[in-house]
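What follows is one structure encoded as structure tokens, with my remarks underneath.
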There are 2 protein chains.
Amino acid sequence: MNATPRWLDPEQQAAWDSFIRMQEKLIGRLARRVQADSRMSPSDYIVLAKLTEAGGRMRFMDLTKLVEWEKSRMSHQVARMAKRGLVRKEDCPDDGRGAFVVATPAGREAIEEAAPVHVEHVRRLFVEALTQEELDTLARISDRVLAHLETQPD
Amino acid sequence: MNATPRWLDPEQQAAWDSFIRMQEKLIGRLARRVQADSRMSPSDYIVLAKLTEAGGRMRFMDLTKLVEWEKSRMSHQVARMAKRGLVRKEDCPDDGRGAFVVATPAGREAIEEAAPVHVEHVRRLFVEALTQEELDTLARISDRVLAHLETQPD
DNA sequence: ACCGAGTGGTTGACGTGTCATCCAACCTAG
DNA sequence: CTAGGTTGGATGACACGTCAACCACTCGGT
């Protein structure tokens, strides 16, 4: 009767369960590590990483799009990071609304110290769990899902 | 010099990036959908799902372990859900410290309405992006990472 | 009978993410 | 030049997760 059945079949369900579980544990563990190692939140880490990678100075909205966040999230995040001295905001002379986000020396230092440690955890917890072939396969699958998501509404 | 190099090589990095991006977008989208469709948070959904699946009445700590959460998180969550009438707490006669978590009729109704919709989104956004073979592969890879995580400290 | 360790669960403070709303500056058509 | 839409960004209220501390009860040994 129903063109699309109500539940997933067991193999599909198993794949979904494994993926969800893995993803939660892995991300959770990396988040706790970055916190413990560097006194930064994962969000701090990403923002500083992308920002310094781009030269340490970027327009607010460009940064927001780069990390694919909502602007409100970035606004709060930058405010908090500014309070902690990791970044600083500057006005944009060309556009009266605009703002620059600039990594402070403390911010640069923080990310330079944190990055290798973080990479080491990614390697230890994720990369070393899999062969290069499996990594490639996972990348391919991830890209497929990503591409599929863009074809789907909402 | 360095036994383990400082950075990931490009293929490893690409796999990690794709995975992270996919996982964020997919999870984020499903979270927004469950919110919009059912007025429940993803956490509400999981708790109610596992609870009713187990008969609708469970010891607090059993539920906590079942969903693999920290007890503090579950405590807050159950308190919020109780406030919204999805769930109710009862004392345990056998153990003076213990508590039962019980799904209310409203809670049962909420999950029964939300579940098929949610499954449909999982199917649409995830399952249908991949072949059954790819799903199996992803499950295998996920299980490998999970197994690896358990061998690693912290 | 007691004491100490462990278990079950709560609490409060804090950082974070989302949503809706707002505002100011920009841009373009008329 | 001006009205209306759009973009850049801030803000406040709220739900959520984590951490550390805490309390109350149970249980095993002495």
Side-chain angles (χ1 to χ4, degrees), chain A residues 24-25 27-48 58-102 154, chain B residues 24-25 27-48 58-102 154:
Chain A
E24 266 168 19
K25 297 228 170 203
I27 302 296
R29 228 148 118 171
L30 281 168
R32 265 169 259 129
R33 285 267 38 130
V34 71
Q35 288 273 41
D37 294 342
S38 67
R39 295 295 214 151
M40 288 196 295
S41 71
S43 300
D44 294 341
Y45 182 89
I46 298 176
V47 169
L48 272 179
M58 230 191 295
R59 280 294 295 270
F60 179 92
M61 255 307 155
D62 293 346
L63 181 55
T64 303
K65 283 167 189 154
L66 186 61
V67 300
E68 305 182 276
W69 280 7
E70 298 180 13
K71 58 186 179 173
S72 142
R73 179 177 180 184
M74 186 58 82
S75 188
H76 285 302
Q77 181 67 31
V78 167
R80 287 185 300 250
M81 290 175 73
K83 198 172 308 173
R84 283 177 244 146
L86 296 172
V87 298
R88 163 174 36 98
K89 279 185 285 188
E90 284 177 14
D91 305 14
C92 176
D94 299 0
D95 188 332
R97 306 161 292 185
F100 281 101
V101 185
V102 189
D154 203 45
Chain B
E24 266 169 19
K25 297 227 170 205
I27 302 296
R29 228 149 118 172
L30 282 168
R32 266 170 259 130
R33 285 266 38 130
V34 72
Q35 289 273 40
D37 294 342
S38 66
R39 295 295 214 150
M40 287 196 295
S41 71
S43 300
D44 294 340
Y45 181 90
I46 299 176
V47 169
L48 272 179
M58 230 191 296
R59 280 295 296 267
F60 180 93
M61 256 307 158
D62 293 346
L63 181 56
T64 303
K65 283 167 190 154
L66 185 60
V67 299
E68 305 182 275
W69 281 6
E70 298 179 14
K71 58 186 179 173
S72 140
R73 180 178 179 184
M74 185 59 80
S75 187
H76 284 302
Q77 181 67 30
V78 166
R80 285 185 303 250
M81 290 175 73
K83 198 172 308 174
R84 283 177 242 147
L86 296 172
V87 111
R88 165 175 32 99
K89 278 185 285 188
E90 284 176 15
D91 306 14
C92 176
D94 298 1
D95 188 332
R97 306 160 290 186
F100 281 101
V101 186
V102 188
D154 203 42

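Residue numbers begin at 1 in each chain, while the letters A, B, ... track the order of the sequences.
Note that the CZ atom of Arg80(A) and the OG atom of Ser41(A) stand 7.0 Å from one another [nearest 0.5 Å]. Interatomic distance, Leu63(A) CG to Lys65(A) NZ, rounded to the nearest 0.5 Å: 11.5 Å. The CZ atom of Phe100(B) sits 11.0 Å away from atom CE of Met58(B), with the distance rounded to the nearest 0.5 Å. Of the inter-residue distances, the one linking Glu24(B) atom CD with Ile27(A) atom CD1 reads 7.0 Å to the nearest 0.5 angstrom.
Listed here is the closest heavy atom pair of Gln35(B) and Met40(B): OE1-O, 3.2 Å. Of all non-hydrogen atoms in Phe60(A) and Ser75(A), the two that sit nearest each other are CZ-N, 3.5 Å.
Under the rule for a salt bridge (charged side-chain N to carboxylate O under 4.0 Å, His left out), Arg29(A) has no partner lying at least two apart in sequence or in another chain. Residues passing the side chain to side chain donor-acceptor pair (under 3.5 Å) test with Glu70(A), sequence neighbours excluded: none.
Distance CD (Glu70(B)) to C1' (dT7(C)): 16 Å, rounded to an integer number of Å. Residue Glu68(A) contributes atom CD, which lies 13 Å from atom P of dT18(C) at whole-angstrom precision. As rounded to whole Å, 14 Å separates atom P of dA25(C) from atom CZ of Arg59(A).
Residue pairs meeting the ring pair (Phe, Tyr, Trp, His ring centres under 6.0 Å) criterion with at least one partner in residues 28-48 of chain B, sequence neighbours excluded, are Tyr45(B)-His118(B).
Contacts with DNA chain D (heavy atom under 4.0 Å) in residues 87-99 of chain B: Asp95(B), Gly96(B), Arg97(B), listed by number. Annotation: proximity of residues 71-86 of chain B to DNA chain C (heavy atom, distance under 4.0 Å) is found for Lys71(B), Ser72(B), Ser75(B), His76(B), numbered in ascending order. Taking every heavy atom of residues 27-48 of chain B and every atom of DNA chain C, pairs under 4.0 Å involve Arg32(B), by number.
At least one side-chain heavy atom of Val47(B) sits under 4.5 Å from a side-chain heavy atom of Met74(B).
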